[in-house]
Each structure stands twice: as structure tokens, then as C-alpha cells.
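Because the structure is a prediction, the values reported are computed rather than measured.
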Amino acid sequence: MTDTSDSTTETNDLHDHDPEARARALQSLLTEKGLLSTDAVDDVISTYEEAVGPLIGAKVVARAWTGPDFKERLLENGIEAVAHLDVAVSDEVMELRVVENTPKTHNLVVCTLCSCYPWAVLGLPPTWYKTPAYRSRAVDEPRALLREEFDTEIPGDVELEVWDSNSEIRYMVLPQRPPGTDQLSETELRDIVTRNAMLGVERLV
């Protein structure tokens with residue numbers, strides 16, 4: 001879908017909601033009933049923060065910036081291209097579509113229905129991604145959302161595309177390679193790729 005309005009019809013604060021508190025309460029209840037161990041929770045968190053995390057996404061972006069053939073495959077079939085990087089992609093992602101930022105187009109990812117997210121490449125989703133405020137404003141007034149909540153200004157002559165993830169299709173943004181990085185190696189480039197840039201709430205240029 002395409003941004004067609006900058007109207008400020010809603011001013012919900014992304015920080016008014018605390019899904020983490022609800023998750024902690026649910027975890028405590030399940031633990032008390034013996035249905036969930038704290039070790040199991042720690043293992044899951046450790047896996048997504050250290051073994052998966054946004055590092056895999058950064059690896060994918062850096063390879064796309066330095067390898068035109070890989071970039072072409074990535075934009076055609078995200079899951080297939082990621083698999084070529086020897087990355088274990090979870091079955092949780094049925095289809096990964098990568099959308100490329102260009103000088104004329106900026107892409108933003110959201111899940112308006114709930115909080116579908118490309119865990120396999122970006123790890124744990126940020127809290128704000130799950131909030132009703134983000135999910136609604138990303139569609140209704142994406143430019144204002146980016147400017148007011150993320151200090152990201154999208155120039156008026158740049159088209160803003162919003163991509164709605166769901167249980168079958170997860171989206172990830174391929175950011176533009178920042179100027180002045182021609183001498184950086186692929187490994188060095190990974191360090192400048194952020195999770196927020198791969199969701200489209202931040203620009204690297």
C-alpha cells in the first residue's frame with residue numbers, strides 16, 4: 001500500500017502500552033503451574049538474541065550490498081537466498097519478501113493484524129513493533145509516525161511504501177548502502193546495519 005496522507009488523525013503514544021509486562025505475568029503464571037521452566041525461557045531468549053538476532057539480517061544486507069547476484073536472488077526469493085548463506089531458517093517463516101530502498105522509494109514494515117515478524121533473520125521483535133499505535137499509524141500516517149517517533153524524515157519526493165506482514169509472508173527492508181562505505185569489507189558493513197533500518201523506521205543515508 002502507498003502513503004497517501006500526512007494527516008495527524010491519531011496521536012497514540014507508542015510507549016503507552018507494555019506488552020512485556022503482560023508477557024512477564026503470563027510467564028510467571030505458567031511457571032507457577034509447572035507448565036514452563038525458566039531455563040526453557042532463557043534458552044529461547046538466548047537463541048534469538050545471540051544466535052539469531054538482527055545479526056543474520058545484517059549479514060544478508062551486507063552480502064546484498066557487495067554481491068549483485070546475491071542481491072538479485074534475495075529480491076526474487078528471500079528464503080532461498082538466505083539459505084545460500086548457510087543460515088538455518090526457521091520453519092516459522094513460510095515466505096520472506098525483501099523490499100529494496102532506493103533514492104525514490106522508502107519501505108516500511110508493519111503487521112496490522114498482530115505482530116508477525118521475520119524472527120528467523122531479525123531475532124526478537126522490538127516492543128514498539130507490537131503496539132496498536134505503531135500498527136495503526138504505520139498505515140494511516142507513516143511519515144508522521146517516522147518523524148515523530150523515530151526522528152526519521154522521509155523527503156516529500158520519496159514515495160513511502162508500507163508492507164503488511166502476516167502469518168505466511170514476512171517482509172524485510174534492504175536499506176540503501178550509505179555513501180562513503182565503498183572501502184568497507186562485507187564484515188565491516190554488517191556493523192552499520194541496524195534492525196530498525198531493516199524494518200524501515202530508520203534510514204542509513
Side-chain angles (χ1 to χ4, degrees), residues 10-61 78-79 82-83 85-99 107-142 145-146 148-152 162-173 175 190-202:
E10 184 178 343
T11 58
N12 289 340
D13 186 344
L14 298 185
H15 307 291
D16 285 345
H17 306 274
D18 189 2
E20 288 186 1
R22 284 179 290 180
R24 287 194 296 270
L26 179 60
Q27 177 185 334
S28 296
L29 179 62
L30 293 173
T31 302
E32 288 175 6
K33 292 183 175 296
L35 300 174
L36 181 68
S37 72
T38 54
D39 287 344
V41 175
D42 290 343
D43 285 344
V44 170
I45 292 175
S46 176
T47 296
Y48 278 100
E49 286 187 342
E50 299 173 14
V52 182
L55 294 177
I56 291 178
K59 181 178 180 180
V60 170
V61 170
I79 285 291
V82 169
L85 291 185
D86 197 23
V87 170
V89 181
S90 168
D91 292 337
E92 158 265 342
V93 177
M94 299 181 68
E95 182 174 350
L96 175 66
R97 290 188 184 175
V98 180
V99 288
N107 297 285
L108 176 66
V109 175
V110 68
C111 174
T112 57
L113 184 62
C114 48
S115 57
C116 294
Y117 186 82
W119 289 51
V121 288
L122 298 188
L124 295 173
T127 300
W128 52 259
Y129 184 82
K130 309 171 189 175
T131 62
Y134 176 77
R135 287 153 49 195
S136 60
R137 293 191 75 193
V139 174
D140 293 337
E141 46 178 5
L145 168 71
L146 294 180
E148 295 169 10
E149 299 291 347
F150 299 97
D151 294 324
T152 299
V162 180
W163 300 91
D164 195 358
S165 290
N166 57 52
S167 60
E168 296 183 350
I169 302 174
R170 310 295 170 89
Y171 290 95
M172 170 185 151
V173 174
R190 295 176 191 171
D191 294 336
I192 64 177
V193 180
T194 66
R195 177 201 61 197
N196 282 3
M198 293 183 280
L199 292 174
V201 298
E202 177 185 357

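- Expressed to the nearest 0.5 Å, how far CG of L124 lies from CZ of R195 amounts to 9.5 Å.
- Between Y171 and W163, the angle of the ring planes lies from 30° to 60°, which puts this pair in the tilted group.
- Heavy-atom minimum distance, P142 versus L108: CB-CD2, 4.0 Å.
- R170 places no side-chain N or O within donor-acceptor distance of the main-chain N or O of L96, the cut-off being under 3.5 Å.
- Side-chain contact between V110 and V162 is present, with heavy atoms from C-beta onward closer than 4.5 Å.
- Taking OG of S28 as the reference point, atom CG of L36 lies at 10.0 Å (rounded to 0.5 Å).
- The neighbour count for L26 CG, taken as heavy atoms of other residues, nucleotides or ligands under 6.0 Å away, is above 12.
- Atom CZ of R135 sits about 12.5 Å away from atom CG of D140, to the nearest 0.5 Å.
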| message | Applying side-chain contact (heavy atoms from CB on, under 4.5 Å) to L199 and V173, what does each step give before you reach the verdict? | response | CA-CA 6 Å; L199 292 174; V173 174; 5.9 Å; no
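- Distance check: M172 CE to Y117 OH gives 10.0 Å after rounding to the nearest 0.5 Å.
- Summarising the geometry, atom CG belonging to N107 is positioned 14.5 Å from atom CE belonging to M198; distances are rounded to the nearest 0.5 Å.
- Note that the NZ atom of K130 and the SG atom of C111 stand 12.0 Å from one another [nearest 0.5 Å].
- Every residue was checked against the side-chain hydrogen bond (donor to acceptor under 3.5 Å, both in side chains) condition with S115, not counting sequence neighbours, and none meets it.
- Contacts of R97 classified as side-chain hydrogen bond (donor to acceptor under 3.5 Å, both in side chains), with partners at least two apart in sequence or in another chain: E95.
- Shown here are the side-chain hydrogen bond (donor to acceptor under 3.5 Å, both in side chains) partners of N196, two or more places apart in sequence or in another chain: there are none.
- The aromatic rings of Y134 and F150 stand perpendicular to each other, their planes meeting at an angle above 60°, with 30° marking the opposite boundary.
- For the pair T152 (side chain) and V201 (backbone), a donor-acceptor distance under 3.5 Å is present.
- Of all non-hydrogen atoms in C116 and S167, the two that sit nearest each other are SG-N, 3.4 Å.
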